[in-house]
Each structure stands twice: as C-alpha cells, then as structure tokens.
Amino acid sequence: MEPRLHDPKFERAAREEIERYQTTRVSALVAETWRRNAFYRDHWTAMGAQARDIRTLADFASSVPIVRKADFVADQAGAPPYGKRLAAVTAGAEPFLVFNTSGTSGQGVELHAATYAERRRAFSVSAYFYRWAGLVPGDRVFLCYPVSMLGGGRIEIYGLEDYGLTVFPVATYDVGRKLELMEKFKPHAIMATTSYIGHMAAVGLERGSLQAVKALMGGGEGAGYSWFEQQERLWQAPFFNHYGATQTRVDHMYPCEHGIGTRERPGLMHNIEPGFLIEVIDPATGRHVGDGEHGEIVVTSLIHDTFPLIRYAMGDAGIYHDARYCPCGRPFA
C-alpha cells in the first residue's frame, strides 16, 4: 500500500531522530515552564522536583512529576476562574482560545487555552490525519460534533478548515435531516463520535439508502474490530478512529492508510510524535510499559508553550505498541 505522507522529514526519520527531537523540545519546555508558569513550578516543587537539564527522555520521565485533573481543578478553585496555570489569559490584550471540559467525570470542569500561535502548530498535527485518511483540499466533510465551549467540535472545525476542506457543521440537525443533507451535498467524509456513525448507518438503512463516502472519521469512543469492519462494509469506506482531548487542544493519534488493520493484527493509532510525547505508564510502578502491554496514557504537548501540558495523566487506558508494529514504516508509536 502506497503511504500517504504528510511530512516525509518526520514520517521517514529513524526512531532515534524522533527521540532526539522530542528530547530537545521537552528540555526547552521544562526550563521555560519553570521560569514562566507558577502552577507547574509550585506543583513540581511540592513534589520535590527541581528544574534541571533534561538530557534524555528517561531523565524527563524520572525527574518531572505527573499532573492530574484534580490538580488543575484545585488550581482553578484557588485562583478563579483560570488558575495560575492559565494566568497568561488575563495578562494582556492578546486574543486566546478558551475551552472547557464537559465535567462528565464528576471531578469538575477544567479550563484550557491556546494562543493563536499554538493553534497554528495544532494545524500541523491534524493535517496528518486528513492526509492519511485520503482527503484532499476541497473535499466536503460533514462535521457532527457540536461547536461550543467544549474542545470537541471547535478543535476539529479549525483543523478541517485550515487543511482546506469544505465543512458542513450539521451537529444541530437530527439524524434524519443529516441523511437528507448527505444525499443533497454528497460529502466525501463524515466526522462524528464513533457510535454516532453507527447510528447514522442504522437509520440510513431503515430509510433504504446510505450515501457512500471516502472516509469515516470517528472519535471519543472505542469499538471492537467486528464493529469497525461492519461499518466499513455498510458505508463502503475505511474507518479512521482517532484520539485527542480538550487538554491537548487537538486530536493527535490517528490510524495511517492501513486503517483498522486485520482481525489478527488490528491497526495502530499512531501518535504524531513531532507534536506530542506519549507515555503509557504502569500505574503500579510508574514505569513505561513494554510493547503490547496495557497502562495509563500520559501526554506532554510539544506544541504548547504559553499554556503547557506536561506529563498529564489522562485517566485513559491504552495498549502501547512500538512503531514497528505497523507495516507502514513510520517511526510513530
């Protein structure tokens, strides 16, 4: 299968080059964050950590403490509404994007922000997804995420439009109206929560027709291999389930053109390594798991410096695979 490369410099780099790049970025990020961000400086100090030279990714993992949702929520409560972590929002006249999480975990609502410069860097991450899914500028996409204060929806519409796609924001219509609009405008792709794509298929089949598309882009939920296989058959299109969060302010794990893979070897969601450093941590030991092992996802953004996200424990579980797991040859785990 011919790879759809977005940035050959990184997609054809050796794994060692990727790790050198990430080490350089996290070293600068930790030093700058220690200097500028009172929340992280206080959190690290309270955990007994000090800013020091980061020479390897192992140094980074062993010397920089993990941060969790409860820490962000407590910071906001102590210095409302943004907390010390987002103090730059109120520091001057520069415009910012402000997002909040849904609060569905029951632990409280987090606020997150991004400068316009950080948003432009996020575009360089999301462009991998659209390229790998086979979309080209001018293609039409039905976006079924609502656009609100939540990250989901706004994150996607910004990236889709920057890539040059024609976006139909159809979230507020019921499923029947969405399907009618699909017959009229014939989109090349649908972006929605994973289960909602299945709901659209079920209702479409009840109505007697289902508009074929080039790509299905699900997110926010997982599913079993058989379910993805069924959706691909119904829609006559590959399914690309992706991962991101309001905390990361962009989706950043995507399947390559190999998609869902095979039943024997399910596809890999590649982390976009130039934009994010991902660890999968064994909660019992705090150490990175091995290939094929299960742990908690810990994220560091390499594209956010005014509003950093450093070793944030997502509360999400994942199975880690080395990059060589995927036959595409990319150095992205």
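Since this is a predicted model, take the numbers as computed values, not measurements.
Side-chain contact between L309 and T300 is absent, with no heavy-atom pair separated by less than 4.5 Å. Taking the side chain as every heavy atom from C-beta outward, V250 and R119 never approach each other to under 4.5 Å. In this structure the side chain of L234 reaches within 4.5 angstrom of the side chain of Q230, judged on heavy atoms. In this structure, K84 and Y40 have side chains that are not in contact, with every pair of non-hydrogen atoms separated by 4.5 Å or more. Residues E229 and F239 are not in side-chain contact: their nearest non-hydrogen atoms beyond the backbone lie 4.5 Å or more apart. Between E11 and P3 there is no side-chain heavy-atom pair separated by less than 4.5 Å.
For R265 and Y325, the positive end sits near the middle of the six-membered ring, less than 6.0 Å away and at most 45° from its axis. Cation-pi contact between R330 and W132: present, with separation from the ring centre below 6.0 Å and deviation from the ring axis of at most 45°. Remark: R85 fails to qualify as a cation-pi partner of F307 under the 6.0 Å distance and 45° angle criteria applied to the six-membered ring.
Relative ring orientation between F129 and Y254 is described as parallel, the plane-to-plane angle staying below 30° on a 0-90° scale split at 30° and 60°. Using cut-offs of 30° and 60° for the angle between ring planes, the F185 and F142 rings count as tilted.
Checked against the 6.0 Å centroid criterion, the rings of F99 and H112 do not qualify as a close aromatic pair. If you look at F39 and W44, their ring centroids are not closer than 6.0 Å. Two rings, from Y320 and H288, have their centers less than 6.0 Å apart. Taking the centre of each ring, F332 and F10 stay at or above the 6.0 Å mark.
Linking Ile, Leu, Val, Met, Phe, Trp and Tyr residues whenever their side-chain heavy atoms come within less than 4.5 Å leaves M191 and L150 in two separate clusters. Follow the hydrophobic side-chain contacts under 4.5 Å out from Y128 and you reach L302 in the same cluster. There is no path of hydrophobic side-chain contacts, each under 4.5 Å, that joins V280 to V298. Under a hydrophobic-cluster definition in which Ile, Leu, Val, Met, Phe, Trp and Tyr are linked whenever side-chain heavy atoms come within less than 4.5 Å, directly or via other members, M269 and I18 are assigned to the same cluster. Linking Ile, Leu, Val, Met, Phe, Trp and Tyr residues whenever their side-chain heavy atoms come within less than 4.5 Å places L97 and V147 in a single cluster.
Of the charged side-chain nitrogens involved, none lies within less than 4.0 Å of a carboxylate oxygen, so that R20 and E17 do not count as a salt-bridged pair. Under the 4.0 Å criterion applied to side-chain N and carboxylate O atoms, E257 and R131 are not assigned as salt-bridge partners.
The side chain to side chain donor-acceptor pair (under 3.5 Å) search around S301 returns H304, not counting sequence neighbours. Looking at residues two or more places apart in sequence or on another chain, you find no salt bridge (charged side-chain N to carboxylate O under 4.0 Å, His left out) involving E118. Scored by the salt bridge (charged side-chain N to carboxylate O under 4.0 Å, His left out) test, D322 finds R324 as partners (sequence neighbours excluded). In terms of the side chain to side chain donor-acceptor pair (under 3.5 Å) criterion, residue partners of N241 (sequence neighbours excluded) are, by chain and number, T194. For R15, the side chain to side chain donor-acceptor pair (under 3.5 Å) partners at least two apart in sequence or on another chain are E19, E273.
Between the side chains of Y243 and D316, at least one donor N or O sits under 3.5 Å from an acceptor N or O.
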Next item on the list: Kindly determine whether Y312 and Q247 satisfy side-chain hydrogen bond (donor to acceptor under 3.5 Å, both in side chains), including the steps that lead there.
Entry: CA-CA 9 Å; Y312 182 88; Q247 291 86 350; 3.3 Å; yes
Next item on the list: Determine, step by step, whether R263 and S226 satisfy the side-chain hydrogen bond (donor to acceptor under 3.5 Å, both in side chains) criterion, reporting the C-alpha distance in whole Å, the side-chain angles of both residues, the deciding distance to 0.1 Å, and the verdict.
Entry: CA-CA 8 Å; R263 187 177 298 275; S226 296; 3.2 Å; yes
Next item on the list: Report the C-alpha separation of K69 and M314 in whole Å, then their side-chain angles, then the decisive distance to 0.1 Å, and conclude whether the side-chain contact (heavy atoms from CB on, under 4.5 Å) test is met.
Entry: CA-CA 8 Å; K69 180 183 186 74; M314 296 297 299; over 6 Å; no
Notebook entry, point to check: D53 and R55: salt bridge (charged side-chain N to carboxylate O under 4.0 Å, His left out), yes or no, with the steps?
Noted result: CA-CA 6 Å; D53 289 341; R55 300 185 182 276; 3.7 Å; yes
Identify all side-chain donor-acceptor contacts of residues 196-209 below 3.5 Å with residues at least two apart in sequence or on another chain.
residue	atom	partner	partner atom	Å
Y196	OH	K178	NZ	3.0
S209	OG	E183	OE2	3.3

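Remark: E94 CD is packed, more than 12 non-hydrogen atoms of other residues, nucleotides or ligands lying under 6.0 Å away.
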